[in-house]
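Numbering of ligands and ligand atoms starts at 1, following listing order.
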Amino acid sequence: MLGEDVEQMALDQNKTPLFDAVKYHVKRKAVPLQIPGHKHGHGLEEYKEFVGENVLRMDLNETRGIDMIWDPTAVIAKAEKLLAGAFGATYAFFLINGTTSGVQAMIMSTCVPGDQIIVPRNAHKSIFNGFILSGASPVYVQPEIDDRLGIVLSVTESNLRRSIEENPGAKAVMAINPSYYGVAPDLKRIVETAHASNMPVLVDEAHGTHMRFHRHFPISAMAAGADMSAASLHKTGGSMTQSSALLIWNSKINPNYVKQVLNLTYTSSPSYVLLCSLDVARKQLAVRGAEILDRVLELTSWAVCAGQKIF
Ligand SMILES: Cc1ncc(COP(=O)(O)O)c(C=O)c1O
């Protein structure tokens, strides 16, 4: 899937192909002769009573018509195309083991054991664990620190440039957009600087899903021309906990290779409850994201003003 396809699908962001297929299956009331063993919740009555029947009916596995996450060709493939279109990516993968699995797949897709990656000192533990899994090792670049607020800011272009000069053999540059504190780097300059030395840029956007969908936020990884990004839709995009996206924007990154890397750790029994939440959250972001984020910004500035009056 590439280029034109993405543009075509981007026009149709009201669609939710995966959610529709699952809803169809739920409404069909087929007798469940396969796993999961709770059989639409009949085997877990106390839980069903609280969460409702639909969520347990949506908990499907090995069922015709709902595709397979490890090699999608039907409704998941369509839903992933829409996901790519919404984020301005050339390719996208659903993740049901959080951005953690996306960050690790980015590292494992670009490095082999012994390689080095330039990485901000304030990186999340998923990145460090990615080094353990891949056999690559970090070259740290120090972000700025705000002494007054006592928080880490982001890596500057000049710090990155120095690190690249000192480590010309590094295989990639990792960026965080934004940090846990909401601080975003000048990502466009970071991408330009890394690309000038032929280093791909891998972005941890665990806290940055929303940024693509409103003009008042800093630039997103895909818009800045970064090569890959992992985004926690479950944090700021409305989907359920654990559900994230891995995005690719670079013809040099082979999506089939990335898929194989993801398949090293993908479960063979993905939760369709989580996957459907990604499909619907993507639609909501694409169709109503700007409107919802307008309101979020309004409420945020109200809360900041109210806080200033109190403190
Ligand atoms: C900066 C950062 N990167 C990556 C992650 C991992 O994201 P997830 O919880 O979706 O696996 C987190 C989680 O809090 C994070 O704060």
Side-chain angles (χ1 to χ4, degrees), residues 69 80 83 87 89 92-111 117-134 136 138 140-146 149-155 160 172-187 190 201-212 217-222 224 226-248 258 261-267 270-271 273-282 285:
I69 198 172
E80 286 184 337
L83 182 68
F87 280 85
F93 295 97
F94 284 146
L95 303 172
I96 32 90
N97 192 17
T99 290
T100 295
S101 62
V103 159
Q104 292 168 357
M106 292 195 294
I107 296 174
M108 286 155 78
S109 303
T110 43
C111 289
I117 301 191
I118 296 174
V119 59
R121 199 68 184 86
N122 59 329
H124 184 257
K125 64 179 176 185
S126 55
I127 297 183
F128 299 115
N129 291 337
F131 288 124
I132 294 169
L133 291 174
S134 65
Y140 293 116
V141 54
Q142 183 62 38
E144 303 259 270
I145 293 182
D146 186 317
L149 294 174
I151 62 167
V152 179
L153 301 176
S154 46
V155 170
L160 175 63
V173 169
M174 196 108 211
I176 308 168
N177 189 47
S179 70
Y180 187 77
Y181 296 110
V183 182
D186 185 345
L187 197 57
I190 298 276
V201 179
L202 317 176
V203 185
D204 173 354
E205 281 193 311
H207 297 276
T209 294
H210 58 292
M211 299 197 320
R212 159 96 186 156
F217 289 103
I219 194 165
S220 69
M222 294 296 102
D227 300 74
M228 294 175 89
S229 139
S232 296
L233 270 83
H234 71 89
K235 286 186 168 67
T236 57
S239 67
M240 287 178 75
T241 295
Q242 268 186 236
S243 62
S244 291
L246 182 58
L247 309 167
I248 302 180
V258 175
V261 170
L262 283 172
N263 278 338
L264 293 174
T265 51
Y266 261 163
T267 170
S271 163
V273 177
L274 298 186
L275 290 172
C276 284
S277 83
L278 278 169
D279 203 20
V280 179
R282 179 272 312 152
L285 284 166

Q: When you measure from the side chain of S239 to the backbone N and O of H234, does any donor-acceptor pair fall under 3.5 Å?
A: yes
Q: Would you say E205's side chain and S229's backbone share a donor-acceptor pair under 3.5 angstrom?
A: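 Checked: no pair found.
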Q: Can you list every protein residue that has a heavy atom under 4.0 Å from any atom of ligand 1, sorted by chain and residue number?
A: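 Lining ligand 1 at under 4.0 Å, by heavy atoms, one finds G98, T99, T100, H124, S126, D204, A206, H207, S232, H234, K235, S244.
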Q: Backbone N or O of V201 within a donor-acceptor pair of the D227 side chain at under 3.5 Å?
A: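 Confirmed, D227 side chain pairs with V201 backbone.
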Q: Which of these, I117, V119, I107, I118, sits in a side chain to side chain contact (heavy atoms under 4.5 Å, CB included) with P138?
A: V119
Q: Is the side chain of S271 donor-acceptor paired with the backbone N or O of L274 at a distance under 3.5 Å, no angle test?
A: yes
Q: Is there a side-chain contact between L262 and F94 in this structure, where contact means two heavy atoms from C-beta onward sitting under 4.5 Å apart?
A: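 The answer is no, as the side chains (C-beta and beyond) never meet within the 4.5 Å cut-off.
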